[in-house]
Amino acid sequence: MTAMRSLFLFPLLVLLLSGASARFDDFDEGDDLVEFDDNDFAEFEDVSEDPPTEPPARTVTTEDDEDEATVEVEDNQEDFEDSETPDEDIYKYDAEEFEGFEKSNPSFNDPINILTVPSHLQNTWESYYMEILMVTGLLAYIMNYIIGKNKNSRLAQAWYNSHKELLESNFALVGDDGTSKEALSTGKLNQENEHIYNLWCSGRVCCEGMLLQLKFLKRQDLLNVLARMMKPACDQVQIKVTLNDEDMDTFVFAVGTKKAMARMQKEMQDLSEFCSDKPKSGAKYGLPESLAILSELGEATEGVMDNKMVHFLTNHADKIESIHFSDQFSGPKIMQEEGQPLKLPETKKTLLFTFNVPGMGNTSPKDMEALLPLMNMVIFSIDKVKKLHLNREGKQKAEKNRARVEENFLKQTHGQRQEAAQSRREEKKRAEKERIMSEEDPERQRRLEEAAQRREQKKIEKKQMKMKQIKVKAM
Amino acid sequence: MSDPRRPNKILRYKPPSTENNPALEDPTPDYMNLLGMIFSMCGLMLKLKWCAWIAVYCSFISFANSRSSEDTKQMMSSFM
């Protein structure tokens, strides 16, 4: 703001200065100070009215002295167009006015003149306060970035160190970034981001592979840190186990916090289609109240919730966000603009686990060890799901459900699929016509047109035949 | 307990394709990049210093939130 004002003031001042200096042309000696105040008042020497900006003391003396030493003042006036120091002369002649006044008193000779120096000409720190503020802010951001990055890195390393043994005893391949030619364990986490770390494990019975994602809070972003002070959040560990087709029976099951269950039922494609009931309280199966269950088949719930599982879940209920077993997993619902997608999304047999790291943001590397029992549970679940077999009833019910879902889907998209087929046919016709039009030779054109006409005739005849056949059959 | 490991059943890691699940991506770095560009243009055209500062901040935030797979050269150019 001050910068803007000074920008405007500066040309104004320049104009004034130039105007003032123009009147000094004839004046050779004298001070270098710009005294346009006195300059203006040169005209007023004879006039009794006071010039507004001059201090009253000086005007009084001027008038008084004029009476006593008019001649010399006027002489001075004639010689100099503008008397820069009329006061000086006046003071010289009127010794009565000032007692103890010495002739050569430079402080009085120099008239007091307070000029406003434009702020941008001042070279003090204050004129740069905006820049200093901004740079300090940037430095704070950079400091936070470095600290946050290091903390996240330490947490990830601590997690890996505590889980390494368990993983290596269960999986043949621990750590793979997909780029190396041979499938060798890198033994390291993949750093996707400053706050997301991946680990891919593979080579085990019952499963194709396991993807572990350490989703830390964005400690490296200062904005995020400040936002978290308003809304606390915690680090999460997400585990996704993909299973082979033969390793899992057909069921969809989920357990987790009530909030998470409500959210997932709306978001997840398979949960919304197969588990349409509201989440049931976990208390029925011996779980704490905070956990809720979404399930397609009651039998599946019974099978999964055996004693050991219940034991696990009860002990670590505070760390569990959600556990989701599904043979129809296809990710969250995809919102498409043109309505429903034309094909059913691809499904994969998956087990998903989301765990919250204890500490609610203020985690230390030691807290990572608390997640080890959860990892044990994951491994246990993999084996369990493999062994879990539904009986005949359950399988039939599951089959019916899946058929129902598919039928619904087909119905919904029927209209769209027809439209798509229609548009494809029209496209073909248009392409044909264009080809005919673009043919230079009129002969060739005629021949192509005839060929197209013949094809149309054939199609119509075919349709008529079909209709006849249907009629005959109906009869 | 028998060893559950099966070296013959190893599957290579395939980074999840981001075209299928746009909802999983974090849009923050892209938004911040765009905002930074807009503010820097504003600051340049209208000669507003505070615009330029905000642009610098935006580019910093975008850098902090970005994925490591993105080009570092792009980051540097965005700082400019």
Side-chain angles (χ1 to χ4, degrees), chain A residues 3-4 130-131 133-135 137-138 141-142 144-145 148-149 168-173 175-180 183 185 190-196 198-209 211 218 220-224 240 242 244 267 330-335 345-346 379 382-383, chain B residues 1-33 35-36 39-40 43 46-72 75-76 78-80:
Chain A
M4 300 281 274
M130 180 73 162
E131 276 76 12
L133 210 68
M134 288 295 184
V135 169
L138 271 178
Y141 192 89
I142 294 175
N144 174 265
Y145 175 80
K149 190 168 90 136
E168 281 184 349
S169 65
N170 268 297
F171 290 92
L173 174 74
D176 183 20
D177 55 2
T179 54
S180 57
S185 296
N190 273 352
Q191 186 176 4
E192 195 182 297
N193 230 329
E194 302 299 342
H195 62 284
I196 297 183
N198 286 341
L199 186 71
W200 171 256
C201 303
S202 184
R204 191 185 193 277
V205 293
C206 313
C207 68
E208 276 184 6
L211 179 67
K218 286 189 187 173
Q220 78 275 11
D221 182 15
L222 191 62
L223 278 183
N224 214 282
K240 182 170 167 179
T242 37
N244 299 317
E267 278 181 6
S330 58
K333 279 195 199 169
I334 306 170
M335 295 296 154
E346 265 185 47
I379 308 282
I382 300 175
D383 293 325
Chain B
M1 286 285 284
S2 62
D3 188 12
R5 289 179 286 182
R6 298 284 180 273
N8 56 336
K9 282 193 176 175
I10 286 179
L11 207 70
R12 294 306 303 275
Y13 172 60
K14 203 179 62 154
S17 64
T18 48
E19 288 119 41
N20 295 346
N21 36 21
L24 290 180
E25 271 186 50
D26 181 22
T28 311
D30 303 321
Y31 278 149
M32 283 295 143
N33 233 352
L35 267 178
F39 273 116
S40 71
L46 308 172
K47 291 211 179 139
L48 299 167
K49 243 199 269 186
W50 54 269
C51 270
W53 280 112
I54 294 178
V56 174
Y57 270 112
C58 280
S59 74
F60 263 96
I61 295 172
S62 163
F63 170 72
N65 282 321
S66 68
R67 296 167 274 278
S68 63
S69 54
E70 282 181 23
D71 218 359
T72 39
M75 291 292 124
M76 290 301 130
S78 80
F79 275 135
M80 297 305 140

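Note that this is a predicted model, so its numbers are computed, not measured. Letters go in sequence order (proteins before strands), and every chain restarts at 1.
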Heavy-atom cut-off 4.5 Å, strictly under: side chain, backbone, both or neither for [X] against chain B?
X	result
A:L223	side chain
A:F171	backbone
A:I196	neither
A:E131	both
A:N190	side chain
A:L222	neither

- request: Mind ranking A:I379, A:N170, A:L173 by heavy-atom pairs under 4.5 Å with chain B and telling me who comes out on top?
  value: A:N170

task: Would you please indicate if the ring centroids of B:F60 and A:Y145 are separated by under 6.0 Å?
output: no

Mind listing the closest non-hydrogen atom pair of [X] and [Y] along with its distance?
X	Y	value
B:W50	A:M130	CB-CE, 4.1 Å
A:Y141	B:I61	OH-CA, 3.2 Å
A:C206	A:I382	CB-CG2, 3.8 Å

- prompt: So, do A:H195 and A:N224 sit near enough that their side-chain heavy atoms are less than 4.5 Å apart?
  reply: no

message: Would the distance check show the side chain of A:T242 and the main-chain N or O of A:G209 forming a donor-acceptor pair, the cut-off being under 3.5 Å?
response: yes

